[in-house]
Amino acid sequence: MSAQLDSYLDTLNPVQRAAVTNTKGPVLVVAGPGSGKTRVLTFRIAYLIEQGAAPWEILALTFTNKSAREMKERIGKVVGERAGGVWAGTFHSIFARILRVEARHIGYPSDFTIYDTDDAKSLIGSIIKEMNLDKDIYSANAILQRISSAKSNLITPARYAQNAELMQQDKAARMPLVYKIYETYTARCKKAGAMDFDDLLYRLFELLQNQSEVLDKYRAKFRYLMVDEFQDTNYLQYAILRKLCHYDGSERNICVVGDDAQSIYAFRGATIQNILDFESDFKNFGIQVFKLEQNYRSTSHIVQAANEVITYNRRQIQKRIWSDKGEGQRIRLLKTMTDNEEGNRVADTIVEQKNRDHLRNSDIAILYRTNAQSRVFEEYLRRYNIAYKVFGGMSFYQRKEVKDLIAYLRLVVNPNDEEAMRRVINYPRRGIGDGALDKLAGLANQTGKSIWEIIPEAPVPARTRNSLDEFATIIREAQSRQQQANAYEIADFMARRSGLLQLINADTSIEGMGRQENFNALLDAIKSFVEEDSVMDAGSVPDKSLASYLQNIALLTDFDESEDETKDRVSLMSVHSAKGLEFKSIFLVGLEEKLFPSFMSMDSPDGLDEERRLFYVAITRAEQLLTLSYANARYRFGKMTYNPPSRFLEEIPAHLIDSPVGARSTGMTRPVDTGAAAPRPVSESGSRVSGAFPTRRAAAPAFQMDPKDFKPSPSDQIAAGQRVLHLKFGEGKVTSIDGGADNRVATIVFKLSDPPEKKIMLKFAKLQILE
DNA sequence: AGGGCGCGATTTTTT
DNA sequence: ATCGCGCCCT
């Protein structure tokens with residue numbers, strides 16, 4: 001064994017090391033948050049290679065490109081170039097890679113197109129229209145979900161139609177023909193030479209099921225399987241894994257790593273059942289279970305809170321996460337009157353933490369349940385001049401201008417791609433209207449041909465004929481260049497020849513400029529794909545063709561964040577997006593009933609458990625500081641709503657939470673002191689329930705100033721006798737300072753507040769020294 | 001064919 | 001509030 005790996009192994013704790021070095025037979029690693037899961041996974045792969053396994057015998061599956069990339073990099077650091085040979089990637093990308101090799105077995109071209117969710121929905125929309133169904137009842141979204149879930153449970157269209165329960169559900173939803181749409185959808189994808197995301201899994205399963213030589217080939221090839229985030233796998237994914245390693249004569253070298261408490265994707269088919277099944281499926285084959293319970297991320301107050309909260313869930317794998325990082329600060333709770341004030345208080349507290357704890361912006365994240373909540377925080381961070389970045393929202397590859405050009409490129413590689421065809425056949429406008437398109441589509445369906453194949457022979461008016469021929473010429477011109485031209489050359493040609501570039505450059509509005517930027521960024525990205533030679537997969541010759549580019553990006557959702565990593569910004573993101581990340585300081589906001597837990601999930605016990613796991617994920621992102629907040633009132637869907645504090649707040653033991661600093665900034669004479677736990681009277685109408693809510697007027701602070709003009713001084717400089725300015729209370733005089741070190745309390749007499757004398761914890765202080 | 005207006009819905013997200 | 005979609009009018 002290399003000295004290097006030896007020294008790496010020395011950095012592991014005994015359980016981690018056992019999980020790394022027990023390489024034979026089935027292994028389940030239950031990995032709590034911050035328990036060094038990724039290290040275990042990567043060292044395990046490195047260890048296997050050191051022990052003589054060939055890199056290409058190792059299959060390591062993840063969910064996101066990011067974690068796949070990270071894993072490859074880290075393996076590379078231990079075993080060097082050999083890391084390139086490991087089959088490490090996302091489920092979808094690895095399976096797509098196999099499917100391209102084996103495509104002929106299932107009647108697909110090897111450069112099949114991958115439909116993203118938009119393509120899939122749009123195809124379903126077309127089918128609904130063709131079948132003359134009411135699209136208000138048959139929603140493309142709902143149907144895609146039905147189809148997706150059917151595939152994830154290995155239900156073919158034929159079996160769907162025979163499944164009484166599914167048919168009954170469809171009937172109840174007044175959509176009895178979903179099975180028919182599913183059938184048509186499948187046929188149309190195949191005709192278009194396209195697979196949706198689920199197909200990448202489903203078709204691989206089919207392939208392994210039906211072609212025993214292919215199955216044998218991959219069974220022999222992948223002697224070692226490794227799966228990250230196993231709690232997020234669905235039935236289909238586990239079925240494929242079992243096919244690959246669970247059979248007579250198999251060594252069953254499979255290692256899955258996951259945390260049932262962090263399963264937050266049940267809504268899209270993930271099932272904890274897989275973890276539970278894994279144990280029983282491999283019970284008789286020497287399964288070993290390792291629990292990584294030491295948390296290296298967070299201080300123990302945070303870990304204790306997480307442990308306690310999760311006990312409220314009904315089922316879970318028993319474990320006790322612990323930390324030796326010391327107790328740390330207690331969890332802070334911000335109670336505010338409105339969502340607006342919440343934004344203000346959070347921004348304010350960020351300033352405080354930056355001063356007091358010497359945090360950088362990039363040490364801090366604001367997490368929320370729904371993306372719509374980001375707005376108010378953006379507003380206040382801007383006011384306070386704090387750099388931030390909002391994650392989530394529309395990704396680069398979902399932008400219209402980007403998808404338009406890519407659609408042209410997709411047609412060059414696969415002109416049967418129906419969704420790409422529909423997208424751009426008349427964009428930019430070239431006189432092929434809905435009527436003409438319907439006719440083409442109708443003919444295509446009758447003859448079993450694709451729209452592309454029907455174009456030359458369709459009987460259409462002369463003007464339309466001209467337009468169609470012109471369009472087909474554009475595609476063919478690009479196709480004829482494919483042999484000698486690389487991806488960038490074709491894209492550049494197509495951008496002009498299609499008229500997209502001219503169209504986009506003609507738009508000089510603000511949004512138009514943004515679109516130009518995106519369009520150019522896409523061209524730049526294609527250029528760098530052509531220029532850089534960073535192909536990590538073993539044995540593959542750098543392939544700069546357009547087909548290769550499209551395969552590369554089909555499974556990408558965004559650009560690398562490398563540009564932003566260098567910038568020092570506060571991160572704003574949904575709790576879901578925060579999974580796997582960590583920050584010194586976390587602000588978890590909007591902790592109100594119906595928001596977190598979401599009203600969509602809170603009615604079912606399963607839904608509620610998932611919300612609680614989400615809460616668990618959120619609080620375990622914090623290394624040192626955790627601040628929770630809620631607002632009594634917030635604008636939602638255009639009107640003011642009033643909800644009691646989240647039940648999850650009650651589930652955190654009180655001694656872990658800092659005594660509330662409640663109405664500090666509301667300017668109220670009577671503090672709102674219902675405590676985090678006590679639900680308060682709710683008034684849905686917005687009229688006052690006696691004493692429960694001050695009206696907006698009453699809540700208005702006695703003093704107001706523009707936060708932009710407010711520059712808080714470091715709290716350790718505050719001393720008795722000073723004149724100070726407070727953002728809400730205005731000008732005041734410090735009469736005395738009590739308490740020591742971390743807990744200094746200033747008594748200040750404010751000119752404008754009632755009562756004038758207030759005691760303010762300096763560690764929370766937002767005071768500007770005036771002299 | 002294209003623009004504009006009105007209505008309705010509205011978590012979370014990777015691939 | 002906001003966004004997307006669909007329908008209707010020009």
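The chains referred to below are lettered A, B, ... by the order of the sequence lines, with proteins before strands, and numbering in each begins at 1.
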Engineer: NA contact type, A:Ser598, heavy-atom cut-off 4.0 Å: base, sugar-phosphate, or nothing?
Structural biologist: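 Base: the residue A:Ser598, judged by heavy atoms under 4.0 Å, touches a nucleobase.
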Engineer: So, A:Phe230 versus A:Tyr238, ring centres under 6.0 angstrom or not?
Structural biologist: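 Yes - the distance between ring centres of A:Phe230 and A:Tyr238 falls below the 6.0 Å cut-off.
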Engineer: Output the single nucleotide from B:dT15, B:dT12, B:dT14 whose closest atom is nearest the side chain of A:Arg268.
Structural biologist: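 For A:Arg268, the side-chain atoms sit closest to B:dT14.
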Engineer: Would you say the ring centers of A:His576 and A:Phe391 fall short of 6.0 Å from each other?
Structural biologist: no
Engineer: Would you say A:Glu342's side chain and A:Gly590's backbone share a donor-acceptor pair under 3.5 angstrom?
Structural biologist: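 Yes, because the side chain of A:Glu342 sits within donor-acceptor range (under 3.5 Å) of the backbone of A:Gly590.
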Engineer: Check this for me, if you would: do A:Asp259 and A:Lys579 make a salt bridge, where the nitrogen-to-carboxylate-oxygen distance has to be below 4.0 angstrom?
Structural biologist: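 A:Lys579 and A:Asp259: not salt-bridged.
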Engineer: When you measure from the side chain of A:Ser577, which nucleotide among B:dT13, B:dT15, B:dT12 comes out closest?
Structural biologist: B:dT13
Engineer: Report yes or no: is there a donor-acceptor pair, N or O only, under 3.5 Å between the side chain of A:Ser93 and the base of B:dT15?
Structural biologist: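 For A:Ser93, whose side chain was compared with the base of B:dT15, there is no donor-acceptor pair (under 3.5 Å).
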Engineer: Measuring from the side chain of A:Thr90 (C-beta onward, heavy atoms only), which nucleotide among B:dT11, B:dT13, B:dT15 has the closest atom?
Structural biologist: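 Among B:dT11, B:dT13, B:dT15, the one nearest the side chain of A:Thr90 is B:dT15.
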Engineer: Could you give the CD-to-P distance, from A:Gln231 to B:dT12, as a whole number of Å?
Structural biologist: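 These atoms are roughly 21 Å apart.
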Engineer: Should A:Leu381 and A:Leu572 count as side-chain neighbours, where that means a heavy-atom distance under 4.5 Å?
Structural biologist: yes
Engineer: When we call it a touch if two heavy atoms are under 4.0 Å apart, what does A:Gly392 touch: a base, just sugar-phosphate, or nothing?
Structural biologist: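 Answer is nothing: A:Gly392 stays at 4.0 Å or more from every strand.
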Engineer: Would you please determine if the base of B:dT12 is stacked by A:Phe267, with stacking meaning a centroid separation under 5.5 angstrom and planes under 30 degrees?
Structural biologist: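 Yes; by the centre-distance and plane-angle rule, A:Phe267 counts as stacking on B:dT12.
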Engineer: A:Asn371 side chain: which of B:dT11, B:dT12, B:dT15 is closest?
Structural biologist: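 Comparing B:dT11, B:dT12, B:dT15 against the side chain of A:Asn371, the answer is B:dT12.
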Engineer: Looking at B:dT13, B:dT15, B:dT11, which one has an atom nearest to any side-chain atom of A:Leu555?
Structural biologist: B:dT15
Engineer: Closer to the 5' end of DNA chain B via nearest nucleotide, is it A:Phe197 or A:Phe599?
Structural biologist: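 Here A:Phe599 is the residue nearer the 5' end.
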Engineer: Under the 3.5 angstrom rule, does the side chain of A:Asn426 hit a backbone N or O of A:Gly431 as a donor-acceptor pair?
Structural biologist: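 Indeed, once roles are kept as given, a pair shorter than 3.5 Å links the two residues.
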Engineer: Take A:Gly435 and A:Glu611, find for each the nucleotide of DNA chain B with the closest heavy atom, and name the residue whose nucleotide sits nearer the 5' end.
Structural biologist: A:Gly435
Engineer: Looking at A:Arg423, A:Arg422, A:Arg410, which hits side chain to side chain donor-acceptor pair (under 3.5 Å) with A:Asp119?
Structural biologist: A:Arg410
Engineer: Please pick, from B:dT15, B:dT12, B:dT13, the nucleotide with the shortest atom-to-atom distance to any side-chain atom of A:Tyr265.
Structural biologist: B:dT13
Engineer: If I take atom CG in residue A:Asp118 and atom C1' in nucleotide B:dT15, what distance separates them, rounded to the nearest angstrom?
Structural biologist: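 My rounded result for the distance is 13 Å.
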Engineer: Among B:dT11, B:dT13, B:dT15, which nucleotide has an atom closest to any side-chain atom of A:Thr370?
Structural biologist: B:dT11
Engineer: Choose from B:dT11, B:dA1, B:dT15 the nucleotide whose nearest atom is closest to any side-chain atom of A:His92.
Structural biologist: B:dT15
Engineer: Could you check whether A:Leu367 gets within reach of a base, just the sugar-phosphate, or nothing at all, counting any heavy atom under 4.0 Å?
Structural biologist: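 The answer is nothing, as A:Leu367 stays clear of every strand by at least 4.0 Å.
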Engineer: Go through B:dT12, B:dT15, B:dT13 for me and flag the one nearest to the A:Asn65 side chain.
Structural biologist: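 In terms of side-chain proximity for A:Asn65, the closest of B:dT12, B:dT15, B:dT13 is B:dT15.
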Engineer: Can any side-chain N or O of A:Glu611 pair as donor or acceptor with the backbone N or O of A:Ser598 at less than 3.5 Å?
Structural biologist: yes
Engineer: Strictly under 4.0 angstrom, non-hydrogen atoms only: write out the protein contact profile of nucleotides 1-10 of chain C, one letter per nucleotide from the 5' end, B, S or -.
Structural biologist: B----SS---
